[in-house]
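Quick notes on the structure that follows.
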Amino acid sequence: MGVSLEGQKVIMVPYMEAHVPKYHLWMQDPDLLQATGSEPLTLQQEYDMQLSWNQDPLKKTFIVLDKEMIEGKFVHGDPHVEAMVGDVNIYMNDLDDPHLAEIEIMIAEPKSHGKGLGKESVLMMMAYAVQNFGIHVFRAKIGESNGPSRSLFQKLGFEEASYSEIFKEVTLEMPITEQKKEELSRLFNNVVTHT
């Protein structure tokens with residue numbers, strides 16, 4: 001069992017088998033599929049994907065829990081499916097630069113939109129990745145029709161690096177300067193790590 005990270009509004013927990021049915025349900029929504037650039041998977045494929053996320057050293061994912069929706073007290077190792085609202089991921093698959101990470105966020109539950117959960121999750125994941133993997137550049141690839149995601153990353157300081165006409169997506173990047181590293185380090189000092 002990996003770590004869980006607790007911020008002000010969210011708790012990010014490892015992607016567990018118990019999360020798969022709800023995750024699979026989300027990924028039946030055509031709007032979410034388009035926003036995330038995903039293909040629909042069968043339930044079995046989703047279980048296989050969950051396993052691969054946990055075994056691939058070049059990927060890290062957390063399920064995002066809305067702290068307001070947790071029933072009872074948070075227990076590390078309990079999936080808390082009732083509070084599941086999305087996920088946040090990084091991929092470190094750039095062969096030329098192993099310290100570059102592509103980052104993604106999805107807040108799938110409409111009732112959890114606009115509450116700052118995505119912003120906090122992205123910042124916590126960035127802080128975690130800088131500290132644990134030495135990431136020095138973050139990249140986000142966002143479909144041109146996904147205005148909310150694009151806006152979130154731009155507000156965080158990501159800047160447009162390129163646009164793909166073929167994929168209809170914009171690539172935003174943020175280099176981690178010393179100042180940004182210090183900001184993320186301070187943020188991470190306020191995150192409770194559950195092991």
Side-chain angles (χ1 to χ4, degrees), residues 1-56 58-72 74-91 93 101-126 128-129 138-153 156 167-170 172:
M1 171 68 50
V3 300
S4 294
L5 305 174
E6 181 175 354
Q8 299 295 310
K9 301 175 181 183
V10 302
I11 301 177
M12 297 172 11
V13 299
Y15 187 16
M16 300 174 222
E17 198 173 308
H19 294 130
V20 173
K22 186 169 185 178
Y23 193 90
H24 179 67
L25 192 62
W26 287 339
M27 299 315 282
Q28 304 307 300
D29 179 338
D31 293 336
L32 268 182
L33 288 172
Q34 183 183 2
T36 58
S38 302
E39 295 294 323
L41 300 177
T42 65
L43 184 58
Q44 185 55 54
Q45 288 171 321
E46 210 71 75
Y47 277 110
D48 295 344
M49 191 69 79
Q50 180 267 338
L51 208 55
S52 88
W53 271 104
N54 286 312
Q55 294 173 344
D56 189 335
L58 300 179
K59 295 178 183 176
K60 183 68 186 169
T61 190
F62 289 100
I63 293 294
V64 176
L65 306 180
D66 183 336
K67 285 174 72 170
E68 292 179 351
M69 295 169 60
I70 292 174
E71 294 171 1
F74 173 74
V75 178
H76 176 64
D78 180 328
H80 289 283
V81 174
E82 78 281 355
M84 225 180 125
V85 296
D87 70 339
V88 61
N89 316 301
I90 56 169
Y91 307 86
N93 53 7
E102 187 175 329
I103 187 164
E104 298 177 334
I105 179 72
M106 174 181 76
I107 301 297
E109 290 293 333
K111 63 182 175 279
S112 296
H113 291 174
K115 293 169 64 175
L117 306 182
K119 177 182 178 182
E120 185 176 53
S121 299
V122 167
L123 287 170
M124 285 169 57
M125 177 60 105
M126 288 172 62
Y128 177 83
F138 287 95
R139 177 179 290 159
K141 293 182 178 179
I142 302 165
E144 68 179 0
S145 63
N146 190 346
S149 192
R150 192 170 173 173
S151 174
L152 165 69
F153 282 99
L156 291 175
F167 295 110
K168 301 280 187 232
E169 71 181 13
V170 64
L172 304 174

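- Side chain of E71 to backbone of E82: no donor-acceptor contact under 3.5 angstrom is found.
- Enclosure of atom NZ in K67 by more than 12 non-hydrogen atoms of other residues, nucleotides or ligands within 6.0 angstrom is indicated.
- Applying the salt bridge (charged side-chain N to carboxylate O under 4.0 Å, His left out) rule to E68 yields the partners K115; only residues at least two apart in sequence or on another chain are considered.
- Every ring pair (Phe, Tyr, Trp, His ring centres under 6.0 Å) that Y15 has, sequence neighbours left out, goes to Y23.
- Separating the CG atom in L41 from the CD atom in Q28 is a distance of 8.5 Å, to the nearest 0.5 Å.
- We find the CD-CG distance between E109 and D66 to be 9.5 Å, quoted to the nearest 0.5 Å.
- Nearest heavy-atom pair, I11 versus E6, reported as atom, atom and distance to 0.1 Å: CG1-CG, 3.6 Å.
- Residues K59 and S52 share a closest heavy-atom pair of NZ-OG, 4.0 Å.
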Audit row: V75, H80, side-chain contact (heavy atoms from CB on, under 4.5 Å) steps and yes/no: CA-CA 8 Å; V75 178; H80 289 283; 4.2 Å; yes

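- Between the side chains of H19 and E17, no donor N or O sits under 3.5 Å from an acceptor N or O.
- With a 4.5 Å cut-off on side-chain heavy atoms, M124 and F62 do not count as touching.
- Counting heavy atoms from C-beta outward, V13 and F74 have side chains that approach closer than 4.5 Å.
- Pairing each heavy atom of M125 with each of I90, the nearest pair is CG-CG2, 3.7 Å.
- No side-chain donor-acceptor contact under 3.5 Å links H76 to the backbone of V3.
- For the pair L43 and P21, the tightest heavy-atom approach, listed with the atom from each and the gap, is CD1-CA, 4.3 Å.
- Considering only residues two or more places apart in sequence or on other chains, Y47 meets the ring pair (Phe, Tyr, Trp, His ring centres under 6.0 Å) condition with none of them.
- Residues passing the side-chain hydrogen bond (donor to acceptor under 3.5 Å, both in side chains) test with N93: none are found, sequence neighbours excluded.
- The two residues G118 and I105 come nearest to each other via the heavy atoms CA-CG1, 4.0 Å.
- By the side-chain contact (heavy atoms from CB on, under 4.5 Å) test, E102 pairs with Y91, E104, K141, sequence neighbours left out.
- Evaluation of the salt bridge (charged side-chain N to carboxylate O under 4.0 Å, His left out) rule for R150 yields E160 as partners, not counting sequence neighbours.
- Remark: M49 CE to T42 OG1 distance equals 10.0 Å, nearest 0.5 Å.
- The shortest distance between side-chain heavy atoms of S121 and M12 falls below 4.5 Å.
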side-chain contact (heavy atoms from CB on, under 4.5 Å) between Q8 and E120, worked out: CA-CA 8 Å; Q8 299 295 310; E120 185 176 53; 3.3 Å; yes

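- We find the CG-CG distance between L156 and L172 to be 10.5 Å, quoted to the nearest 0.5 Å.
- Here the shortest heavy-atom pairing between I63 and P14 reads CG1-O, 4.4 Å.
- In this structure, CG on L65 lies 9.0 Å from CG on D78, to the nearest 0.5 angstrom.
- To the nearest 0.5 angstrom, S112 atom OG is 11.5 Å from M84 atom CE.
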